[in-house]
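Have a look at the structure below, then the notes.
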Amino acid sequence: MTDSGREPRSSSTPVPETGGVQGGGRISGRRNWSRLGTFVVIILAAAVIQRYGFNISAVRGVSMEPTLHEGQRLFVNKTAAWTGSFSRGDVVVLKEPDGTGTEKTHPYLVKRIVAAAGDRIEITDGRVFVNGEELKEPYTDERIEDGDYGPFTVGKDYCFVMGDNRRGGASLDSRSFGPIAVRSLVGRAEWIVWPPEALKGL
């Protein structure tokens, strides 16, 4: 003991214990790279899901009223696009055809398939007829005000789409730009997911 009553400090260099983890900086670096790799994988997975799986799309305009309204968000199933599993009555997101004048500012449309390949469609007296029978449309609240159309037979790999809003000039659809190639369909809108009070399946 020293005069102060305290034990003297050792001036020797500590000997590292055997069996301990050495090179902590290198391990930290590996951990950082691992985290970066995980982040990259998550981003890539999200991108693939967004492109080929599903996405959330916003409703713009009034062409699908009363079913859909401005500002609502839709869950869009994109797997339907590469499986081709679309049916009459589906609400779909599609690429707006060239020549409409608004395809650059509004590149996508939301419409409903009213006739599929091989169907003969005719609009008369404000009603839609498919293959000679009036189409039951509980999703509309008005007769068509834009006049008659057809008869017209939808070609192979095409479909005929319309907006649910049947008031005059309310919807830009196949009555204006003709049938749509199925390959132009981005996906099927299956749910309204926003706002919460509007949540429902389509």
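Below, each value reflects all heavy atoms present in this structure, side chains not excepted, and no hydrogens, waters or symmetry copies.
- In the hydrophobic clustering of this structure, Leu172 does not group with Met162; members are Ile, Leu, Val, Met, Phe, Trp, Tyr whose side-chain heavy atoms approach within less than 4.5 Å, directly or through other members.
- Note: the hydrophobic cluster containing Tyr139 does not contain Leu202 (ILVMFWY, side chain heavy atoms under 4.5 Å, direct or indirect links).
- Put simply, Val62 and Leu68 are part of two different groups of oily side chains (I, L, V, M, F, W, Y) that touch within less than 4.5 Å, one to the next.
- With sequence neighbours excluded, no residue forms a salt bridge (Lys or Arg N to Asp or Glu O under 4.0 Å) with Asp148.
- Under the rule for a salt bridge (Lys or Arg N to Asp or Glu O under 4.0 Å), Glu70 has no partner lying at least two apart in sequence or in another chain.
- Using a 4.5 Å heavy-atom cutoff, the side chains of Phe54 and Val76 are not in contact.
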*Does the side-chain contact (heavy atoms from CB on, under 4.5 Å) test come out yes or no for Val91 and Met64, once each step is laid out?*
CA-CA 9 Å; Val91 176; Met64 284 297 290; 4.1 Å; yes
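- Using modelled atom types, one side-chain atom of Gln72 and one backbone atom of His69 make a donor-acceptor pair closer than 3.5 Å.
- Among residues two or more places apart in sequence or in another chain, the side chain to side chain contact (heavy atoms under 4.5 Å, CB included) test is passed with Asp141 by Pro66, Arg167.
- In the hydrophobic cluster analysis, where Ile, Leu, Val, Met, Phe, Trp and Tyr join through side-chain heavy atoms closer than 4.5 angstrom, Val154 is grouped together with Leu135.
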Table please: side-chain donor-acceptor pairs of residues 112-124 below 3.5 Å, with sequence neighbours left out.
| residue | atom | partner | partner atom | Å |
| --- | --- | --- | --- | --- |
| Arg112 | NE | Asp164 | OD1 | 2.9 |
| Arg112 | NE | Asp164 | OD2 | 3.4 |
| Arg112 | NH1 | Gly89 | O | 2.9 |
| Arg112 | NH2 | Asp164 | OD2 | 2.8 |
| Asp119 | OD1 | Arg88 | NH2 | 3.2 |
| Asp119 | OD1 | Asn131 | ND2 | 3.0 |
| Asp119 | OD2 | Arg88 | NE | 3.4 |
| Asp119 | OD2 | Arg88 | NH2 | 3.0 |
| Asp119 | OD2 | Ala116 | N | 2.8 |

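- Taking a 6.0 Å sphere around OH of Tyr158, one finds it holds 12 or fewer heavy atoms contributed by other residues, nucleotides or ligands.
- Looking at Arg60 and Val110, their side chains never come closer than 4.5 Å, going by heavy atoms from C-beta outward.
- Residues satisfying the ring-ring contact (aromatic ring centres under 6.0 Å, His included) criterion with Phe86, sequence neighbours excluded, are absent altogether.
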Under 3.5 Å, side-chain donor or acceptor atoms of residues 185-195 against the rest of the protein: list the pairs with distances, not counting sequence neighbours.
| residue | atom | partner | partner atom | Å |
| --- | --- | --- | --- | --- |
| Arg188 | NE | Glu190 | OE2 | 3.1 |
| Arg188 | NH1 | Ser85 | O | 2.5 |
| Arg188 | NH2 | Glu190 | OE2 | 3.2 |
| Glu190 | OE2 | Asn77 | ND2 | 3.0 |

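- In this structure, Glu142 does not pair ionically with Arg166, as no charged nitrogen and carboxylate oxygen lie closer than 4.0 Å.
- Residues forming a side chain to side chain donor-acceptor pair (under 3.5 Å) with Thr140 (at least two apart in sequence, or on another chain): none.
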*Given the rule in the side-chain contact (heavy atoms from CB on, under 4.5 Å) test, do Ile144 and Arg127 qualify, once you have shown the distances and angles that lead to the verdict?*
CA-CA 6 Å; Ile144 298 169; Arg127 296 172 294 172; over 6 Å; no
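- Residue pairs that meet the salt bridge (charged side-chain N to carboxylate O under 4.0 Å, His left out) test with at least one member in residues 151-163, sequence neighbours left out, do not exist here.
- A distance of 9.5 Å separates OG of Ser57 from CZ of Arg73, quoted to the nearest 0.5 Å.
- Qualifying ring-ring contact (aromatic ring centres under 6.0 Å, His included) partners for Tyr149, counting only residues two or more places apart in sequence or in other chains: Phe160.
- Residue pairs meeting the side chain to side chain donor-acceptor pair (under 3.5 Å) criterion with at least one partner in residues 173-186, sequence neighbours excluded, are Asp146-Arg175, Ser171-Asp173, Asp173-Arg175.
- Looking at heavy atoms from C-beta onward, Tyr108 lies out of side-chain contact with Glu96 at the 4.5 angstrom threshold.
- Taking hydrophobic clusters as Ile, Leu, Val, Met, Phe, Trp and Tyr residues chained together by side-chain heavy-atom distances below 4.5 Å, Val182 shares a cluster with Ile180.
- Annotation: Glu197, atom CD; neighbour count of heavy atoms from other residues, nucleotides and ligands within 6.0 Å is above 12.
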